[in-house]
Q: 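Please see the structure below; I have some questions.
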Amino acid sequence: TRDYWGAASAYQQALVTDHDNENWQRGLLNALNETRQYRPEIALVEQMLQKHPDDSDLWLYRAQASISAGERQLALASLETAIRLGNDSVANKQVCATLHMQEGSVARAIELLKSGAAQGMDFEFLSQALDWLAQKGEWGYLRDLTASLDKRRSSLSGPDQSKLLTQEASLHLHDKQRPAAKKALQSALDLDPSNAEALMAAGKIYRDDHDYNRAELLFQRASAYDLYRENALVALAQVAVDQENYTHAVELLQGVIKSDPTRTDLQRNIESLQDLARLRTPN
């Protein structure tokens, strides 16, 4: 009847008369989980593990309760044990890899991601892991995981291949291989013209090359996507400044503030550009 509090109370009373009844213990585990009594759940599962240390399902119970209780190190140790005992599903490896990235053991996270990828781990999750590695500047690990995923590129959809190529481009840029980065980004956009991240990255390269027309076109395309619109407009303003079109740059930045009033940091830029525009205007 979904009366989990009542179930928990009844199981606890029943176990007073037969505290070794494992069916009742597992029933209590479920009831404690449903009522979010995570610490009593951890205590109970640890008691059960003393008798069944090789039960991978119990280690998973301990991991799930520990995550809910905010005990990430305990959850990590529990998941690793469950995986070692054979409960090595893609879902378990995904959670374990996430915890390792949060706790600083990136090398182990990469091992799990590569193993999970071979089992068919969801590429969207793998792509998020690649983004995280790039943001953290973990270039060696990013290179390792990207190379591993590149082996299964043909099995990926066009948009997923495009995401992978975009990450490869970031590696090329880190290695100061701009022509290779350009080529990878062009291939990414051929596969998925709506890849806004690739549009932004390519736009930055062309801006650095002083190819302002191409840069402007790419940033304009990126601005059509809500998640990238603000950054794309700021990038367009930078292109306008590069060409000394200060009035247009001001209009673009004012558009950003209009859509996001919290961007007060841009106000000083606007005032400086307005001063430059006035200096260029004949009396």
Side-chain angles (χ1 to χ4, degrees), residues 79 83 88-102 105-209 211 214-215 217-228 231-232 235:
L79 266 175
I83 290 171
D88 58 349
S89 68
V90 169
N92 289 341
K93 288 182 178 179
Q94 183 168 313
V95 176
C96 195
T98 301
L99 288 170
H100 273 300
M101 287 191 286
Q102 292 171 345
S105 182
V106 182
R108 176 57 179 156
I110 298 303
E111 287 180 20
L112 290 162
L113 292 173
K114 289 165 66 175
S115 175
Q119 291 176 262
M121 185 179 283
D122 180 49
F123 183 79
E124 184 60 34
F125 177 78
L126 292 166
S127 178
Q128 291 171 3
L130 291 173
D131 290 341
W132 183 89
L133 290 168
Q135 290 168 8
K136 295 294 183 180
E138 296 283 3
W139 299 107
Y141 292 123
L142 178 62
R143 193 184 315 280
D144 188 13
L145 183 56
T146 300
S148 177
L149 295 176
D150 194 53
K151 296 175 184 176
R152 55 175 281 203
R153 182 186 296 180
S154 60
S155 67
L156 300 176
S157 66
D160 286 345
Q161 290 187 52
S162 179
K163 290 178 183 177
L164 186 56
L165 283 163
T166 303
Q167 287 298 349
E168 289 179 1
S170 71
L171 281 169
H172 291 315
L173 287 173
H174 174 71
D175 295 337
K176 296 181 170 46
Q177 298 174 349
R178 292 169 61 82
K182 271 187 183 180
K183 183 178 179 181
L185 289 170
Q186 186 56 59
S187 296
L189 291 170
D190 289 342
L191 285 163
D192 182 11
S194 66
N195 183 338
E197 185 178 353
L199 289 169
M200 290 294 297
K204 289 174 183 176
I205 290 177
Y206 283 115
R207 181 196 166 210
D208 290 342
D209 289 344
D211 190 342
R214 284 191 182 181
L217 178 61
L218 289 162
F219 290 140
Q220 284 174 346
R221 287 170 59 187
S223 70
Y225 303 96
D226 290 341
L227 190 61
Y228 290 85
N231 287 339

Q: Heavy atoms only: give me the nearest A196-Y225 pair and the separation to one decimal.
A: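 Between these two residues, the closest heavy atoms are CB-CD1, 3.9 Å.
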Q: As an exercise, state the distance from CG of L165 to CG of L185, rounded to the nearest 0.5 Å.
A: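 Rounded to the nearest 0.5 Å, the CG-CG separation comes to 8.5 Å.
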Q: State, to 0.1 Å, how close D192 and S194 come at their nearest heavy-atom pair, and which atoms those are.
A: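 It is OD1-OG, 2.6 Å.
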Q: Hey, what do you get for CD (Q220) to CG (L217), rounding to the nearest 0.5 Å?
A: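 Here the interatomic distance stands at 6.5 Å.
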Q: Can you measure from OG (S154) to CD (Q161) and round to the nearest 0.5 angstrom?
A: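 Reported to 0.5 Å precision, the distance equals 7.5 Å.
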Q: On a heavy-atom basis, which atom in L189 and which in A198 lie closest, and how many Å separate them?
A: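 That closest heavy-atom pairing would be CD2-CB, 3.8 Å.
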Q: To the nearest 0.5 angstrom, please state how far the CG atom of L149 sits from the CG atom of L145.
A: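 Taking CG in L149 and CG in L145, the distance rounds to 4.5 Å.
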Q: Is the count of non-hydrogen atoms from other residues, nucleotides or ligands lying under 6.0 Å from R214 atom CZ greater than 12?
A: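 Open: at most 12 neighbouring heavy atoms sit under 6.0 Å from CZ of R214.
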Q: Should H172 and K183 count as side-chain neighbours, where that means a heavy-atom distance under 4.5 Å?
A: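 No, side chains not in contact.
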Q: Could you check if a side-chain atom of L173 sits within less than 4.5 angstrom of a side-chain atom of I205, using non-hydrogen atoms only?
A: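 Contact flag for L173/I205 side chains = yes.
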Q: Pick out which of K182, R153, R143 makes a salt bridge (charged side-chain N to carboxylate O under 4.0 Å, His left out) with E168.
A: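 It is R153, the one option of K182, R153, R143 that forms the salt bridge (charged side-chain N to carboxylate O under 4.0 Å, His left out) with E168.
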Q: Atom NZ of K136 and atom OH of Y141: how far apart are they, to the nearest 0.5 Å?
A: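 If we round to the nearest 0.5 Å, K136:NZ and Y141:OH are 14.5 Å apart.
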Q: For the backbone of H100 and the side chain of R108, can you confirm whether one donor and one acceptor N or O come within less than 3.5 Å of each other?
A: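 Pair absent, no side-chain N/O of R108 close to backbone of H100.
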Q: Return the minimal non-hydrogen interatomic distance between G158 and L191, and the atom names on each side.
A: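 Distance-wise, the nearest heavy atoms are O-CB, 3.7 Å.
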Q: Kindly give the heavy-atom pair with the smallest separation between M200 and A235, and that separation in Å.
A: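 Minimum heavy-atom separation between M200 and A235: CE-CB, 4.4 Å.
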Q: With a 4.5 Å heavy-atom cut-off, do L112 and I83 have their side chains touching?
A: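 Yes. Closest side-chain heavy atoms under 4.5 Å.
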Q: Looking only at heavy atoms, which two atoms of S170 and W139 are closest? And how far apart?
A: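 Shortest heavy-atom separation between S170 and W139 comes out as O-CZ3, 3.8 Å.
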Q: Between atom NZ of K93 and atom CD of E111, what is the distance when rounded to the nearest 0.5 Å?
A: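 That separation rounds to 10.5 Å.
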Q: Any non-hydrogen side-chain atom of R221 less than 4.5 Å from a side-chain atom of P193?
A: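 A side-chain contact under 4.5 Å exists here.
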Q: Taking D209 first and then R178, would you say they form a salt bridge - that is, a charged N and a carboxylate O separated by under 4.0 Å?
A: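 The answer is yes: the pair qualifies as a salt bridge.
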Q: Are K114 and D144 close enough that some pair of their side-chain heavy atoms sits under 4.5 Å apart?
A: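 Yes, at least one pair of side-chain atoms sits under 4.5 Å.
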Q: Can you give the donor-acceptor pairs under 3.5 Å from side chains of residues 120-133 to other protein atoms, not counting sequence neighbours?
A:
from: E124; atom 1: OE1; to: K163; atom 2: NZ; distance (Å): 2.7
from: D131; atom 1: OD1; to: Q167; atom 2: NE2; distance (Å): 2.4

